[in-house]
Amino acid sequence: MSLLDIKDLSHSFGDKQLFKETKFQLNKGEHIGIVGPNGAGKSTFIKICTGQITPDSGQIFRHPAASFGCLDQYAQMKENITISDFLKSAFQSLFIKEEQMNLLYSKAAAGDEKALPAAARLQEQLELHDFYQIDTRIEQAAAGLGLLTIGLECPVEKISGGQRARVILAKLLLEQPSVLLLDEPTNFLDKEHVSWLADYLSGLPSAFLVVSHDNEFLEQSVNRVCDIHNGRLTKYYGTYSDFLKKKTFLQEEYIRRYSFQQKKIKETEEFIRKNMAGRKSKMARGRKKQLNRMERMENPDVTENRPCFNFSQLPVTNADHLSVRHLSVGYQYPLLSGLQFSAKGGQKIVITGFNGIGKSTLLKTLTNQIPALDGSFSFSEQVTIGYFEQDLIWDDITKTPLQIVSDCYPSLPIKKVRQHLAQCGISSRHAGQEIGSLSGGEQCKVKLCLLTLKPCNFLIMDEPTNHLDAAAKEALKNALKNFTGTVLVVSHEENFYRGWVDRMIQIQK
Ligand code: ATP
């Protein structure tokens with residue numbers, strides 16, 4: 001029996017149909033990567049699986065004996081609790097059993113004969129659930145997700161948003177539900193921790209669904225891929241690269257069939273046009289009927305909305321654009337100290353290093369959002385900065401992308417605003433939709449649209465590829481390659497920065 005069985009699923013937002021009478025099954029041991037372009041409906045699907053969204057129609061069967069655990073990066077955490085205690089709460093039911101067992105052993109010691117076998121039964125249950133390895137398991141998950149560097153005795157209210165998300169993920173993994181549902185879990189992880197998570201997941205006996213745009217992570221972690229495309233969920237067996245091969249083959253085959261159909265349509269139309277009035281008119285009418293009845297294949301070229309980012313460039317010289325001298329960055333105390341580097345005009349630099357080490361804090365300092373704790377930095381006079389912040393935070397989530405871009409660039413005619421948004425992969429329907437209801441990737445494209453409109457010659461970007469699908473990542477890569485100004489980008493995606501950056505700054509403690 002399936003752990004999750006979905007039948008006849010249909011769901012729309014307004015006139016956009018995300019799912020159309022589609023089906024899906026998750027069976028024991030299946031490790032499924034959910035993929036598809038931005039806005040295809042991946043997060044919506046996860047929310048349908050968890051019951052957060054009730055679909056327009058369809059039957060959803062969740063196995064009654066299965067426990068479902070979903071990653072909620074914004075989950076509430078009790079205050080005044082340490083990371084260690086928060087992680088231990090994953091085993092709450094076992095700790096309760098331990099207390100009961102201890103009580104029974106005390107009773108047995110006091111002469112209660114019935115208490116001893118009951119205590120032994122509880123002990124067996126605890127051993128079955130690896131209760132006596134809890135500390136080791138916590139250590140392993142904490143080390144894997146980079147929590148040991150924060151310190152497990154650190155109170156949860158003192159940690160950053162990214163660290164919080166990792167603590168919540170660690171607890172979810174420790175709970176070991178029979179079905180794990182993860183929506184883009186790698187967005188808050190650096191390369192090493194992504195690799196640990198992929199390894200951990202691939203070795204899980206339980207089943208999981210994971211939404212991700214990170215190809216390397218998917219290759220390492222899943223044994224099935226479920227592709228969301230044009231309202232359908234298609235399950236492919238095998239690794240992510242098996243899926244890519246199969247999908248390319250099917251796409252090529254589709255294009256061949258489409259071209260054949262187009263040729264047939266053209267020939268038939270030609271035949272009808274020539275013979276409607278002559279002695280073959282009966283035949284021509286028959287062909288016309290056939291043509292009207294024909295189920296037309298969708299043009300493969302127009303099914304995907306490929307973005308193209310074009311940064312507005314200001315002139316650049318080869319002189320030093322930025323020099324950083326003995327800089328310390330942080331909040332109450334320094335996260336990074338003694339930073340020393342410079343960037344010449346036109347240089348492309350990637351900053352890498354562990355999550356939580358202070359890369360975003362460095363960018364926030366360089367863009368004057370927080371003061372430097374010590375040392376200094378200076379940009380040359382000719383520099384104009386364009387900054388891309390990691391978080392998808394909006395002043396007013398009820399505004400539409402059209403309003404947001406128009407408010408930021410009031411002199412731009414609305415027609416141009418639409419064009420720019422469309423170029424960045426935001427369709428006219430999404431341009432008029434509340435920003436808060438757009439998918440992560442769509443919101444990210446709106447932010448990139450705002451940035452491309454700002455004339456600048458120095459781009460500072462904090463993990464710009466989080467949330468972006470493969471086509472958008474490729475488009476951003478090309479745009480940055482062609483940008484003649486300086487680029488300082490924080491990224492953990494080697495696939496994204498390889499080939500166009502000319503320097504790497506690896507930040508270490
Ligand atoms: P991404 O890769 O960008 O994270 P996704 O595949 O996870 O995308 P979803 O977040 O599921 O996409 O959104 C699917 C589509 O449904 C998007 O086009 C989005 O704009 C739309 N959508 C989602 N929620 C709402 C809502 N509450 N109201 C209207 N439209 C919505």
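Just so you know, ligand 1 is whichever comes first in the structure, and atom 1 is the first atom listed for that ligand. Values reported hereafter were calculated over all heavy atoms of this structure, with side chains retained and with hydrogens, waters and symmetry mates removed.
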Asker: Between Lys191 and Glu494, is there a salt bridge with N-O shorter than 4.0 Å?
Answerer: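 Counted as a salt bridge, because a side-chain N and a carboxylate O are separated by less than 4.0 Å.
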Asker: Take Gln347 and Leu488, measure what side chain to side chain contact (heavy atoms under 4.5 Å, CB included) needs, and give me the verdict at the end.
Answerer: CA-CA 8 Å; Gln347 225 175 8; Leu488 192 63; over 6 Å; no
Asker: Find the distance between CG (Leu363) and CD (Gln369) and round it off to the nearest 0.5 Å.
Answerer: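 Between Leu363 CG and Gln369 CD, I get 9.0 Å after rounding to 0.5 Å.
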Asker: Quick one: side chains of residues 3-11, donor-acceptor pairs under 3.5 Å with protein atoms, not counting sequence neighbours, listed by atom name and distance.
Answerer:
residue	atom	partner	partner atom	Å
Ser10	OG	Glu21	N	2.9
His11	ND1	Asp56	N	3.1
His11	ND1	Asp56	OD1	3.3

Asker: So that I can tick it off, tell me whether Asp183 and Lys47 are bridged by a salt bridge, with the cut-off set at under 4.0 angstrom between side-chain N and carboxylate O.
Answerer: no
Asker: If the criterion is any heavy atom closer than 4.0 Å to an atom of ligand 1, which residues make the list?
Answerer: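 Contacting ligand 1 under 4.0 Å are Phe13, Lys16, Leu18, Pro37, Asn38, Gly39, Ala40, Gly41, Lys42, Ser43, Thr44, Glu184, His213, His430, Gln433, Ser437, Leu438, Ser439, Gly440, Gly441, Glu442.
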Asker: Does the separation of the ring centres of Phe24 and Phe45 fall below 6.0 angstrom?
Answerer: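 Between Phe45 and Phe24, which both carry aromatic rings, the centre distance is below 6.0 Å.
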